[in-house]
Participant: 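My structure is below; once you've seen it, I'll send some questions.
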Amino acid sequence: MDFAKVMEISEYLQNNAYGLNLIEFLSLIGTTVDEYCAKNGLDVNDTWETLNTVRQQVFDDIGGADYMK
């Protein structure tokens, strides 16, 4: 994994994505995941299931994102 690239994208999203409304945000996330799967030959449903599992594990381990309130 290119950690510098991940941090660069994270910073960009922090600076630009928070102004999106819910529909814009969900469309961006959904399209990005679906396109990534298509370009990398991944099963879309398996990828979404994995993302949901990871999200649940993180939530179970550290709870909700209270720092965002």
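Here the structure is a predicted model, which is why all the values come from computation and not from measurement.
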Participant: Would Tyr18 end up clustered with Leu22 when hydrophobic side chains under 4.5 Å apart are linked, directly or stepwise?
Facilitator: no

Participant: Under 4.5 Å between any side-chain heavy atoms of Leu51 and Arg55, yes or no?
Facilitator: no

Participant: How close do Cys37 and Asp43 get, counting heavy atoms only, and between which atoms?
Facilitator: SG-O, 4.3 Å

Participant: Are Leu26 and Leu13 joined in one hydrophobic group, where the rule is that I, L, V, M, F, W and Y side chains link up if heavy atoms are under 4.5 Å apart?
Facilitator: no

Participant: List the atom of Leu28, the atom of Thr32, and the distance in Å for their closest heavy-atom pair.
Facilitator: O-OG1, 2.7 Å

Participant: State, without any angle test, whether Asn45 and Glu49 hold a side-chain donor-acceptor pair at a distance under 3.5 Å.
Facilitator: no

Participant: Is it the case that Gln14 and Ser10 place a side-chain donor and acceptor less than 3.5 Å from each other?
Facilitator: yes

Participant: Can you check whether Ile23's main-chain N or O pairs, donor with acceptor, with Ser27's side chain at less than 3.5 Å?
Facilitator: yes

Participant: At what distance, to the nearest 0.5 angstrom, does CD of Gln56 lie from CG of Asp61?
Facilitator: 10.0 Å

Participant: Report, as yes or no, whether the 6.0 Å neighbourhood of atom CD on Glu11 holds more than 12 heavy atoms from other residues, nucleotides or ligands.
Facilitator: no

Participant: In terms of hydrophobic clustering (I, L, V, M, F, W, Y; side-chain heavy atoms under 4.5 Å; direct or indirect links), are Val33 and Leu20 co-clustered?
Facilitator: yes

Participant: Tracing side-chain links under 4.5 Å among I, L, V, M, F, W and Y, which residues wind up in one group with Tyr36?
Facilitator: Leu42

